[in-house]
Trainee: 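Below: one structure in structure tokens.
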Amino acid sequence: MPELPDVEGFREVLSSCGGGRRVTNVEVRDPGVLRGVTVRRLRNEVVGERFGEPRRHGKWLIAPMDDGPVLVWHFGMTGALVCACADEPPDPHDRVVLTLDDERQLRYRDQRKLQGVQLAGNEAAVGHILADLGPDALAVSGEDFRRLLDGRRGAVKNVLMDQSALAGLGNLLSDEILWRAGVAPDRAARELSAAEVRELHTAMRRVLASSVRAARVPPRRSWLTGRRDDPDPRCPRCEGRLRSRRFSGRRTLWCPRCQSRPPGADRDVHPGKGG
DNA sequence: CGCCCGTCCTGTCCGC
DNA sequence: TGCGGACAGGACGGGC
């Protein structure tokens, strides 16, 4: 699930539930989500600490604590951060539970455990963890966006999903943005026209703004995302049948009519004519 | 470098 | 009803 908008929601949860609160207990219900940190060290370094203001970069959530250690979360496909009262029964997928000094709890819930939580000793260590990420998708300017697409070979869908190029977009957002901009996912990123790049950047900003408000990519019927799970998915704009293909192993949906091919690429649409 | 694949995990759904 | 396999909104490392 979690792409930039979801993680932005988790940041909000952490900020409103944990901001300024002291951690009174750390319960690791499944150490399988700890990355590069032991249960013992996590408890030693975090119990007694107070949360500062959390921030987000791409799909990463960064939670500094007042004495220097920093919790660094990634949510994989199924992770979430939820705020609960201490007397609420735990969910079977609650992997790490932080009890706060007001008897509420921050719970890291994750079915698949594809990612997890790290503990950085200081900000320099955080920088190391996030070193390979591109600029955050919410912060990137039109010019930077153009440069970043120009700097990559390959299909625009792969570039949008590449966290080292641009941080925050996942499979759903990428499809949604490409559809909104009318750009086919297999177009070469560096061969897009200036107008197409502007369309993409505008679509990205709008899709992100709506999604952040909803803390998820909203599954509206008027969005491509709202049609993904249909047995016969159709374009919300023209109701034509959507095409489906894998990009980097991820299912990709697009509308061949609304997401036009580059000039000349429809040359082989009628095989047998050309030779 | 770009791209494909397997792998890390768990749960669900589909076909036999 | 049971079981194997594919697949799910992510990321990483290896190999071509």
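Chain naming here is simple, since letters A, B, ... match the order of the sequence lines and numbering starts at 1 in each. Note that the structure is predicted; figures quoted are calculated from it, not measured.
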Trainee: Among the candidates B:dT10, C:dG10, C:dA8, find the nucleotide nearest to the side-chain atoms of A:Arg251.
Mentor: C:dA8
Trainee: Do A:Glu53 and A:Ser15 pass the side-chain hydrogen bond (donor to acceptor under 3.5 Å, both in side chains) test, and can you show the C-alpha distance, the side-chain angles, and the key distance before you say yes or no?
Mentor: CA-CA 6 Å; A:Glu53 194 55 37; A:Ser15 177; 2.9 Å; yes
Trainee: The side chain of A:Leu114 lies closest to which of these nucleotides: C:dG9, C:dA8, B:dC8?
Mentor: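 That would be B:dC8.
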Trainee: With a cut-off of less than 4.0 Å, is there a side-chain N or O of A:Gln115 near OP1 or OP2 of B:dC8?
Mentor: no
Trainee: Out of C:dG10, C:dC7, C:dG9, which has the shortest distance to the side chain of A:Arg246?
Mentor: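 In terms of side-chain proximity for A:Arg246, the closest of C:dG10, C:dC7, C:dG9 is C:dC7.
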Trainee: Please determine if a side-chain N or O atom of A:His93 lies less than 4.0 Å away from the OP1 or OP2 oxygen of B:dC9.
Mentor: no
Trainee: Within the structure provided, determine whether A:Phe75 and A:Asp6 are in side-chain contact (heavy-atom separation under 4.5 Å).
Mentor: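 Answer no - side chains too far apart.
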Trainee: Of the nucleotides B:dG2, B:dC9, C:dA11, which has the atom closest to the A:Arg112 side chain?
Mentor: B:dC9
Trainee: Taking only side-chain N and O atoms of A:Asn158, does any of them lie within less than 4.0 angstrom of OP1 or OP2 on B:dG2?
Mentor: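 No, outside the criterion.
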Trainee: Inspect cysteines A:Cys235 and A:Cys258 and report if their side-chain SG atoms are under 2.5 angstrom from one another.
Mentor: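 Cysteines A:Cys235 and A:Cys258 do not qualify as a disulfide pair, their SG atoms being 2.5 Å or more apart.
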Trainee: In the structure shown, which nucleotide is the Watson-Crick or G-U wobble counterpart of B:dC8, with both distances under 3.5 Å?
Mentor: C:dG10
Trainee: Is any side-chain nitrogen or oxygen of A:Lys113 closer than 4.0 Å to OP1 or OP2 of B:dC8?
Mentor: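 Answer no for this pair, as no side-chain N or O of A:Lys113 is under 4.0 Å from OP1 or OP2.
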Trainee: Indicate whether OP1 or OP2 belonging to B:dC3 is found under 4.0 Å from a side-chain N or O atom of A:Arg152.
Mentor: no
Trainee: Kindly say whether A:Asp101 contributes a backbone atom to a donor-acceptor pair with the side chain of A:Arg21 at under 3.5 angstrom?
Mentor: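 Not at all, since once roles are kept as given, no pair shorter than 3.5 Å links the two residues.
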